[in-house]
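Read the numbers this way: they start at 1 and go in the same order the structure lists the ligands and their atoms. Along the sequence shown, the residues carry numbers beginning at 1.
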Amino acid sequence: MNFLSAFIAIMGPPNVGKSTILNRIAGVKLAIVSPKPQTTRNRILGIHHGDGYQMVFLDTPGIHDTRTLLHKSMVDSALATLQEVDILLMMIEMGHPDDPAIPLIVRTIHQVGKPCLLAINKIDQGPRTWLLPIMEKFGKQYPFDAIIPLSALRGDGVDLLVREIRRGLKPGPQFYPKDMVTDQPDALWVAEIIREKIYVHTKQELPYSSAVTLDRMERLPAKEVSEDIPRKGDPSARASRKEILLIAAKIHVEKDSQKRILIGEGGRVVKAIGIAARTELEQKFGLPVYLDLFVKVEKNWTKDSRLLKRLGY
Ligand code: GDP
Ligand code: MG
């Protein structure tokens, strides 16, 4: 039997749950998620392995009208992704079928002209009766291969979505080995987790003015630590004490005032960001993590194309 595969782009307005569905389908947290729009800045790849098939999903930054250079770079990245893929997965949210970005997205799908499924997400947020008019309305806008109501957060409807996508797979290579879930290097993931915690712990424009880069990430022997506190009879604790993960990261902001807010009184804010990030990094790597965060002002980096590139956008 032929192996089946496809590249699938997840597209939609900001905040509808694109990153959440990617994480759910891949089975691990690859893309950071926050209640604030425009959290995702780069394309993130997540692989779903099935029996005799493989689906390679690309999470894209939301498509929307652009004002800043950073946003333009994000939308350009989303549009470029559409050219690389075989199947489109458009996502909207049940409570916001009139999002202002939707007409632009529908126009884009027509231009790209590829097979497209529509997922209506967040069905946990309202009564089922909202669905029918939305399905009717969108059914007229594009010949979608399927329209699937689901909840990416809870998982309802996600299996059905995968089955529907499977029906559209064509014979193709197994692009990635069976144990691989993403092409994203650990260092990038670490920077993203720190960025996610900035979204959680700060308000207003600050998350959008922040970028994270890593200066150092290395495993070091943790002799001192393990000798200080020997834990007998607990092999897992001992194993995890042989090494620590040392991470030094910079948070770049645009203005001095933002730096003050991000650091907070007595370092309160940056400390909270550091603790939240460290907890999640320790879970993922199974090692004690020493995380050093440094806040730096990079004047107006979101408006400077050279700085945007240097910061990874
Ligand atoms: P993206 O901008 O499209 O990538 O959206 P995210 O995946 O970052 O999700 C945006 C917000 O919606 C986050 O707070 C998610 O937890 C939330 N969310 C995603 N899927 C669902 C869902 O099915 N139900 C509910 N209630 N919230 C969801
Ligand atoms: Mg996202």
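- Side chain of Gln258 to backbone of Lys255: a donor-acceptor contact under 3.5 angstrom is found.
- At a 3.5 angstrom cut-off on N or O pairs, Thr20 counts as close to ligand 1.
- With Trp301 contributing its side chain and Ser209 its backbone, the two residues share a donor-acceptor pair below 3.5 Å.
- Using modelled atom types, one finds a donor on one side chain and an acceptor on the other under 3.5 Å when comparing Ser34 with Thr39.
- Polar contact check, Arg154 against ligand 1: no nitrogen or oxygen pair lies under 3.5 Å apart.
- Atom 1 (P) of ligand 1 has its closest protein heavy atom at Lys18 N, 3.5 Å.
- The backbone N or O of Ala152 sits less than 3.5 Å from a side-chain atom of Arg24, completing a donor-acceptor pair.
- For the pair Lys29/Ile193, a side-chain contact is recorded, criterion being any heavy-atom separation below 4.5 Å from C-beta on.
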(message) Between Gln174 and Ser5, is the side chain to side chain donor-acceptor pair (under 3.5 Å) condition met? List the steps.
(response) CA-CA 7 Å; Gln174 178 177 337; Ser5 59; over 6 Å; no
(message) Go through it in stages, so that I can follow the logic: the residues are Asp124 and Ser151, the test is side chain to side chain donor-acceptor pair (under 3.5 Å), and I'd like the CA-CA distance, side-chain angles, deciding distance and then a yes or no.
(response) CA-CA 6 Å; Asp124 56 288; Ser151 170; 2.9 Å; yes
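- Among the atoms of Gln38, none of the N or O lies under 3.5 angstrom from an N or O of ligand 1.
- Judged purely by atom type and a 3.5 angstrom limit, Asp304 uses its side chain to pair as donor or acceptor with the backbone of Leu307.
- Taking distance alone, with nitrogen or oxygen atoms compared against 3.5 Å, Val33 stays at or beyond that limit from ligand 1.
- At the top of the distance list for atom 18 (N) of ligand 1, counting protein heavy atoms only, stands Lys122 CE, 3.6 Å.
- Contact between Thr39 and ligand 1 is absent, with no heavy atom of the residue lying under 4.0 Å from the ligand.
- Aromatic rings from Tyr199 and Tyr208 are positioned such that their centres are separated by under 6.0 Å.
- Checked against a 6.0 Å centroid threshold, the rings of Tyr142 and His110 count as neighbours.
- Not a single donor-acceptor pair under 3.5 Å links the side chain of Gln54 to the backbone N or O of Ile47.
- Residue-level proximity to ligand 1 for Ser34 is carried by the backbone, the only part with a heavy atom below 4.0 angstrom.
- Looking from atom 10 (C) of ligand 1 to the surrounding protein, the closest heavy atom is Asn15 OD1, 3.1 Å.
- Taking the side chain as every heavy atom from C-beta outward, Ile165 and Ile8 approach each other to under 4.5 Å.
- At a cut-off of 2.8 Å, measuring from the Mg ion (ligand 2), the protein N, O or S atoms that fall short of it are Ser19 OG, Thr40 OG1, waters left aside.
- Of the N or O atoms in Asp59, none lie within a sub-3.5 Å distance of an N or O in ligand 1.
- The aromatic rings of Phe7 and Tyr176 are tilted relative to each other, their planes meeting at an angle between 30° and 60°.
- Taking any N or O of Leu150, backbone or side chain, none lies under 3.5 Å from an N or O belonging to ligand 1.
- Residue contacts with ligand 1, taken as heavy atom pairs separated by less than 4.0 Å, involve Gln125 solely via side-chain atoms from C-beta onward.
- Considering backbone and side-chain N/O atoms, Gly17 comes within less than 3.5 Å of an N/O atom of ligand 1.
- Taking distance alone, with nitrogen or oxygen atoms compared against 3.5 Å, Ile32 stays at or beyond that limit from ligand 1.
- Counting protein heavy atoms only, atom 22 (C) of ligand 1 is closest to Leu153 CB, 3.3 Å.
- Only the side chain of Asp124 comes within 4.0 Å of ligand 1, counting heavy atoms alone; its backbone N, CA, C and O stay farther away.
- Put simply, CD1 on Ile275 and NZ on Lys197 are 12.5 Å apart, with the number rounded to the nearest 0.5 Å.
- When only non-hydrogen protein atoms are considered, atom 20 (N) of ligand 1 lies nearest to Asn121 ND2, 3.1 Å.
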